[in-house]
Amino acid sequence: MRFSTQVLLGFAALVCTVVIVLTFERPPVHTTQIGYRGVAMEDVANPRTLAVRVAANRLPEVPDAADTDGPKAHELYENVQVLGELSAAQFGRIMQAMTEWIAPAQGCTYCHNPENMASDEIYTKVVSRRMLQMTRRINTDWTAHVGQVGVTCYTCHRGQPVPAEVWATAVLPHSGLQAQRGQNHPAPVANDSSLPGDPFTPFLLQANEIRVISTSSLPGRNPANVMQAEWTYSLMMSMSEGLGVNCTHCHNSRSFGNWETSPPARLTAWHGIRMVRDLNTAYITPLQPLWAANPRGPADGPHGARLGPGGDALKVNCATCHQGANRPFYGAPMLEGYPELRLISAGPARAASAE
């Protein structure tokens with residue numbers, strides 16, 4: 001009996017050691033005060049993981065600026081719907097940059113028929129046109145989130161046809177609680193917790209209410225229930241991981257629901273959630289029929305699939321742009337080298353057609 005007790009105690013100590021090692025940060029961990037003293041308003045950073053993220057968030061070299069004089073692209077080339085107002089030199093520069101940003105291995109033929117560059121027969125050309133319009137939308141209408149830094153195709157793609165951080169609506173088993181709530185199964189997007197495994201569909205595709213914290217201590221004043229709170233916490237955990245930040249980067253630890261005492265980053269994130277929702281509903285999901293009609297080909301590589309397990313389009317979330325950095329590429333001025341991407345015309349609606 002004594003031996004068994006010792007074995008059990010030893011096993012328990014081993015389990016505790018493993019839990020501590022795997023779940024706690026190994027020092028040193030750096031903290032930076034960002035708010036009121038004494039209320040844990042701090043940004044927490046692990047210098048080891050930070051070094052890895054900084055190395056992964058480096059921009060390719062920016063080519064020399066192109067001449068703005070001379071004939072326009074729409075005067076020289078056929079079927080130029082969204083870059084026609086650029087000079088021929090600017091047009092060529094952006095085309096070359098897009099090739100390096102999105103399909104460096106495949107080259108120009110990833111979107112173009114080399115025998116007829118004006119043709120829309122390759123579906124990726126139609127997709128790219130719509131993505132350019134989406135880029136313009138972000139850089140002109142969502143400055144409340146991206147500021148003057150802006151985005152380029154490289155912000156998300158980073159040298160591959162399909163961005164690494166995308167999502168699709170989860171297909172859940174049809175049994176038990178998991179089928180009803182998407183819970184009780186560790187999900188990477190929820191930091192391997194048992195919180196709902198798809199926090200994106202209700203908030204980044206649909207417009208469900210995210211805020212669940214009461215503004216009053218009186219009972220009966222908060223219509224949110226426990227299930228809604230779990231969905232919200234799942235979304236917050238995914239955002240924390242995607243941006244490489246802790247909760248107090250956006251929230252005041254004294255009162256998570258109070259806007260007046262929250263850091264400015266909270267308002268930026270508020271706009272970011274709505275921007276992502278706009279991109280998913282107006283630009284990504286309308287392309288689903290086009291992707292469904294053109295399944296992955298051998299040129300697309302391991303990240304070539306465009307549809308999720310349920311047949312819906314792969315969509316964007318916060319991590320698609322941020323990829324572990326609190327600001328994409330830690331605030332590098334994306335548009336500074338490519339001001340043309342703020343000038344792209346909206347283009348015709350048929351650009352998003354699957355025809």
Answer with yes or no whether the side chains of [Y] and [X] bring together a donor and an acceptor at under 3.5 Å.
X: Asn113; Y: Glu115; answer: no
X: Asn252; Y: Ser255; answer: no
X: Asn326; Y: Arg53; answer: no
X: Gln133; Y: Arg130; answer: yes
X: Asp198; Y: Trp167; answer: no

State, to 0.1 Å, how close [X] and [Y] come at their nearest heavy-atom pair, and which atoms those are.
X: Lys125; Y: Cys111; result: CB-O, 3.2 Å
X: Met41; Y: Thr248; result: CE-O, 4.1 Å
X: Pro196; Y: Ser234; result: O-OG, 2.6 Å

Could you check whether any side-chain heavy atom of [X] comes within less than 4.5 Å of a side-chain heavy atom of [Y], counting everything from C-beta outward?
X: Leu204; Y: Asn280; result: yes
X: Thr31; Y: Asp43; result: no
X: Arg306; Y: Tyr123; result: yes
X: His251; Y: Met236; result: yes
X: Thr169; Y: Lys315; result: yes

Sequence neighbours left out, what passes salt bridge (charged side-chain N to carboxylate O under 4.0 Å, His left out) with Asp141? Give chain and number order.
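Asp141 satisfies salt bridge (charged side-chain N to carboxylate O under 4.0 Å, His left out) with Arg137 only.
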Crowding at CD, Gln206 (>12 non-hydrogen neighbours, <6.0 Å)
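More than 12 within 6.0 Å, yes.
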Distance-only, no hydrogens or angles: does the Thr143 side chain make a donor-acceptor pair with backbone N or O of Asn139 under 3.5 Å?
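No.
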Could you go through residues 59-78 and list every donor-acceptor pair under 3.5 Å that involves a side-chain atom there, pairing it with any protein atom two or more places apart or in another chain?
residue	atom	partner	partner atom	Å
Asp67	OD1	Asp69	N	2.9
Glu75	OE1	Lys72	N	3.1

